[in-house]
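Everything on this sheet refers to the single structure shown next.
Every chain is numbered from 1, with letters handed out A, B, ... down the list of sequences. Bear in mind that the values here come from a model prediction, so they are computed numbers and not experimental data.
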Amino acid sequence: MIPLVTLTDLTLRRDGQVVMSGASLSLKLGERLAIVGPNGAGKTSLLRAIVGLERPAAGRVTLFGQECTREADFRVARRRIGFLFQDSDDQLFCPSVIEDVAFGPLNLGVGEDAARATALAVLEGLGLAHLAERFTHKLSGGEKRLVCLAGLLAMRPDVLLLDEPTNGIDAENGARLRAALAAFEGAMILVSHDDGFVSELASRAMVLRAGVLRPAEIHSHPHFHAHPHIHAPEPRGGA
Amino acid sequence: MIPLVTLTDLTLRRDGQVVMSGASLSLKLGERLAIVGPNGAGKTSLLRAIVGLERPAAGRVTLFGQECTREADFRVARRRIGFLFQDSDDQLFCPSVIEDVAFGPLNLGVGEDAARATALAVLEGLGLAHLAERFTHKLSGGEKRLVCLAGLLAMRPDVLLLDEPTNGIDAENGARLRAALAAFEGAMILVSHDDGFVSELASRAMVLRAGVLRPAEIHSHPHFHAHPHIHAPEPRGGA
Amino acid sequence: MTLWPGDLRARLLAGAAVLVFIAPLDAPGPAFAGLALVAVLYALERHALPWRRLLHLEAFLLIVLVTVPFSMPGTALLTLGPLQASVEGLWRALTLAAKVTASVLFLSALFAGAAPEHLGAALRALHLPEPLVRIFLGLVRYLALIRAEMARAQEAMRARSFRPGTNLHSWRSYGWLIGRMLLRALQRADRVEEAMRLRHYAGRLPRPATRAVPRADKLRAIALPAPFLLILLWGLG
Amino acid sequence: MAHIPDGLLGLPVLIGTGALAAGGVALGLRALDDRAIPRVALLAAVFFAASLVAVPVGPSSVHLLLSGVMGIMLGWGIFPAVVVALALQAALFGMGGLTSLGTNTLNIALPGALVGVVLGPMIRNAASPARAGALAALGSVLAVAGTAAGVALALFLSAPEFTPAAKVLGLTYLPLALVEAAVSGTIISFLARVEPRALHPRLSPEEDLPA
Ligand SMILES: Nc1ncnc2c1ncn2[C@@H]1O[C@H](COP(=O)(O)OP(=O)(O)OP(=O)(O)O)[C@@H](O)[C@H]1O
Ligand SMILES: Nc1ncnc2c1ncn2[C@@H]1O[C@H](COP(=O)(O)OP(=O)(O)OP(=O)(O)O)[C@@H](O)[C@H]1O
Ligand SMILES: [Mg+2]
Ligand SMILES: [Mg+2]
């Protein structure tokens, strides 16, 4: 089986500085690959390189068996890849939720009515039908995150690239997000600082640190340690 | 001793919706109160209400023993309160770092030279003297955060309100920030998602959840539990 | 040793004077002398020629330069159907080209290496209205941020298979994009204004004391436009 | 296209338009409360950034002017916003010029300001966002036409031999007018729909807004 996404010896530069070198990975059908690493390690840059928003200084990007070098190559592959940006506000630009979710399908050339129908179906699937007519700039952080995801799912992607999906999300919407991602049948690459979320969702992990991408292990083991806690006691009135 | 900040039965609305109701707290000299809670719980709104940027639908705000209702009341109290915004870019509006840090003292009517001297002293105290002539929009996220803090400290506040101070900060600047806050002698209210940071710094905590503000306990206890981990094994090449 | 005044106030005034002296040049001789002088300036200062700026200019200039020879009466040079280009017209077009090229080259050398942030301070020292200076500095402060926001939003559109074209869908998408950027900017403006108020801003900041312009810069500010003034006088004489 | 470089226009035109532009800027600053400065600066930044986007039209592309939208959102505040943006464009990119700064400011800001003053109230009171958008589309066509006329007039008054050039240049504004109408109309109907307050040139915060 050909992998969906293959990176071979990728080197990325930003402003002349090497952000990452010799990075290789491959994502196969149904896999859920987590990439973790400290701030500024280059996780976002790696995802951007996969969809061709960042061009590698060296190395190859192969999407769905096709090596991609020019914008035209990437354009074809992007139809099958959904990229959730780190900041929801960068991704939401239409006035209302339904229009935003229908934006992708419209770009794929389906008609206005069909695009709206698809958008509504996706919103319903995520339990967000009540948001359809809301204005995007007045949503809460968690709602924005889910609407962004809906916008991607409306394009029926085979691969999802998720850049810190739990960013700015509260408990209730977090649960919705987990459910939606667990139900997603395609493959995904998941960048997150949220260890619990990663280990719940990912089937495999890699660590990006100091410009080097390496395989990692996810395991949950019981252990003994000291950990600061903040507990809310049972209600007993004001301060 | 009169508390520095007292909120009594505060109700806040945004766009007609109740964000928080019946919130009460009081902050005394030397206290470091942490407020934690999920995204969208209203933590930022609470801090804004303290300095009068948000007017409560009901309840009272008392600052330094004086009940504040009009802009003029708040204006007097604001001299003694430093508010670190959630997004540094909203707060760094002067072209260069030194001008930005000197902005507050200048507004308090000290002369230009005195303001610059104060600003430089504060920057030196934070180990940031080398940034003085840099342009604010070219700083890294962590540097921006610290310069914002310097701008507040230059006004010699008695109370600091910190909205997610560790946001977007890297390890090195994070250590500087912790040191600076640990050395701050006044009282502070600290909003943060970073449990480790909170338990290191705070002397008391409250939880804001579902519109209700409640006292909470911070404790660090050794305990036994299962915790998912991601480990990078010793180097062994690509994927 | 540079010919440019290091002090931006002096440099701005001297630069404006040079451009004002170039503007009224009418005859080919002085215009080309002006261009030659700017070229000498480039050679002395070892500036690289800003080719892209010169090319960028063409679109607008081309129309002017192509039509001018045909719109002046005089000795026939070239006849295209009913249109006739004159020798006088050609000289006129060449004169204009020399003046515009000299001005563009001069302008980019004038601002080379001048950070816009420092330019703001210079404008303030030149007693431009304070609100105008603050708008300029605010624009400089937030432009990079907003351009980055805009670039990411356009990338997000591209990642969702958006391909701009000549159609209503594209134009509407751009309209929404810009509308959304305007909203975000308005929200940020409110927060910035609040941040200023919290740091006790009450409407006025004292104007910073201005340093005197160094003597050497004063001399440069006189020396730089002087030859251009001579050329202008030659042209008028 | 509205950026006339240095070295082209005659001295009387430069002086005349410079004085008029200075008057416009003074008018804009007088209406401007100190607290509205961040608003003008940030909006100017968006308009600047938007003007750098190349919007395709047929085989070519145009750069948006958005002076109609600016006039509606800023009123006379459009003058300071435009002069500052043009000055920065000259300094950063060498676009436009220093001696022609006044001419270019006048050509862009005056039509926008007039659209804001004349059509602004109708747009804010329009029965529906679609109507507001249609009015704004009309306004921005007029603003582009005004700018084209301004450029042509500046050339025409500078020298008689510029007359044919002025006519040809006028034609090059047609595609821009078309795209401006579509994009500006969408921007205004978007704002009218989701945040009508944004359409008020809130230059002074004391100014009471309709609820
Ligand atoms: N626009 C940019 N221009 C120049 N350098 C950049 C830019 N964006 C990021 N970088 C640099 O590239 C490196 C990688 O950044 P990237 O955003 O990919 O990291 P990240 O792992 O996603 O970090 P985070 O966890 O903070 O999102 C960083 O060192 C950063 O300084
Ligand atoms: N400008 C606004 N207009 C309308 N509602 C708003 C606005 N800002 C915030 N809200 C609403 O007010 C509530 C509280 O927001 P607030 O920003 O105070 O939360 P927070 O606890 O600081 O969240 P976070 O952790 O994400 O910063 C949210 O439900 C949000 O939807
Ligand atoms: Mg990232
Ligand atoms: Mg907050």
Side-chain angles (χ1 to χ4, degrees), chain C residues 15-16 19-20 22-24 50 53 57 60 63-64 67-68 70-72 89 92 96 99-100 102-104 107-108 111 114 116 119 129 131-132 134-136 138-140 142-143 146-147 150 164-166 168 170-172 174-176 178-179 181-183 185-186 188-189 192-193 196 203-204, chain D residues 1 3 5-11 14 25 29 32 34-35 37-46 48-50 52-53 55-58 66 73 80-81 83-85 87-88 90-94 97-99 161-165 168-169 179 182-187 190-191 194-195 198:
Chain C
L19 292 170
V20 167
I22 293 177
R53 285 184 185 181
L57 211 63
F60 187 100
I63 297 174
V64 174
T67 52
V68 163
F70 290 93
S71 55
M72 279 182 80
R92 177 87 180 114
L96 286 169
K99 281 167 60 182
V100 172
S103 303
V104 169
L107 189 67
S108 48
F111 289 119
L119 216 52
L132 198 61
R134 298 242 322 270
I135 295 172
F136 181 83
L139 172 62
V140 170
Y142 287 105
L143 183 61
I146 280 180
R147 282 183 69 180
M150 188 97 127
T166 311
L168 271 178
S170 291
W171 295 338
R172 188 178 65 170
Y174 277 121
W176 284 348
I178 296 167
M181 297 298 303
L182 288 168
L183 277 187
L186 286 175
R188 191 183 290 278
V192 169
E193 191 274 324
M196 295 176 76
R204 281 279 163 265
Chain D
M1 285 302 251
H3 294 76
D6 287 314
L8 205 57
L9 299 180
L11 215 45
L14 293 177
V25 172
L29 290 180
L32 187 70
D34 224 70
R35 280 174 59 181
I37 286 177
R39 187 172 184 276
V40 178
L42 272 147
L43 289 182
V46 176
F48 190 129
L52 296 174
V53 177
V55 181
V57 196
L66 299 178
M73 293 183 77
V83 76
V84 153
L88 190 61
L92 285 183
F93 308 134
L98 214 59
T99 56
E161 61 269 25
F162 284 154
T163 314
V168 178
L169 270 173
V179 178
V183 175
S184 301
T186 314
I187 294 175
F190 175 108
L191 293 177
V194 307
E195 198 72 68

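For C:Pro129, the part lying under 4.5 angstrom from a heavy atom of chain D is the side chain only. Proximity to chain C (any heavy atom under 4.5 Å) is restricted, for D:Leu191, to the side chain, taken from C-beta onward. The part of D:Leu11 that comes within reach of chain C is its side chain, from C-beta onward, which places non-hydrogen atoms under 4.5 angstrom from that chain. Contacts of C:Met150 with chain D are made by side-chain atoms alone, with heavy-atom separations under 4.5 Å and no backbone atom involved. Contact annotation for D:Leu92: both backbone and side-chain heavy atoms come within less than 4.5 Å of a heavy atom of chain C.
Nearest heavy-atom pair, C:Leu119 versus D:Ala91, reported as atom, atom and distance to 0.1 Å: CD2-CB, 3.9 Å. Contact record, D:Ala182 with C:Trp171: CB-CE3, 3.6 Å, taken as the closest heavy-atom pair. Shown here for D:Pro164 and C:Ser71, the closest heavy-atom pair between the two residues is CG-CB, 3.5 Å.
The candidate with the highest count of non-hydrogen atom pairs below 4.5 Å against chain D, out of C:Arg147, C:Lys99, C:Arg92, C:Glu193, is C:Glu193. Contacts with chain C were tallied for D:Val84, D:Val168, D:Leu88; D:Val84 has the most, counting heavy-atom pairs under 4.5 Å. Among C:Val192, C:Val68, C:Leu132, the residue with the largest count of heavy-atom pairs under 4.5 Å with chain D is C:Leu132. Note on C:Leu182, C:Leu96, C:Thr67, C:Ile146: by heavy-atom pairs under 4.5 Å with chain D, the leading option is C:Leu182. The most heavy-atom pairs under 4.5 Å with chain C, out of D:Val40, D:Val25, D:Leu9, D:Leu98, come from D:Leu98. Counting heavy-atom pairs closer than 4.5 Å to chain C, the top residue among D:Ile37, D:Val179, D:Leu29 is D:Ile37.
From C:Leu139, atom CG reaches atom CG of D:Leu43 across 11.0 Å, with rounding to the nearest 0.5 Å. Annotation: the span from C:Leu107 atom CG to D:Thr99 atom OG1 amounts to 9.0 Å, rounded to 0.5 Å. In this structure, CG on D:Leu52 lies 7.5 Å from CG on C:Leu143, to the nearest 0.5 angstrom.
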Practice item. Begin with the C-alpha distance, continue with both residues' side-chain angles, and end with the deciding distance and a verdict on side-chain contact (heavy atoms from CB on, under 4.5 Å) for C:Ile135 and D:Leu32. Key: CA-CA 11 Å; C:Ile135 295 172; D:Leu32 187 70; 3.8 Å; yes
Practice item. Kindly determine whether D:Arg39 and C:Leu186 satisfy side-chain contact (heavy atoms from CB on, under 4.5 Å), including the steps that lead there. Key: CA-CA 6 Å; D:Arg39 187 172 184 276; C:Leu186 286 175; 3.5 Å; yes
Exercise for review: Check step by step if side-chain contact (heavy atoms from CB on, under 4.5 Å) holds for C:Ile22 and D:Asp6.
Suggested key: CA-CA 9 Å; C:Ile22 293 177; D:Asp6 287 314; over 6 Å; no
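Residues meeting the side chain to side chain contact (heavy atoms under 4.5 Å, CB included) test with C:Pro50, sequence neighbours left out: C:Tyr42, C:Arg53, C:Leu105, C:Ser108. Every residue was checked against the salt bridge (charged side-chain N to carboxylate O under 4.0 Å, His left out) condition with D:Glu195, not counting sequence neighbours, and none meets it.
Looking at heavy atoms from C-beta onward, D:Phe190 lies in side-chain contact with C:Leu183 at the 4.5 angstrom threshold.
Checked options D:Ile187, D:Val55, D:Thr186; the residue passing with C:Tyr174 is D:Val55 (criterion: side chain to side chain contact (heavy atoms under 4.5 Å, CB included)).
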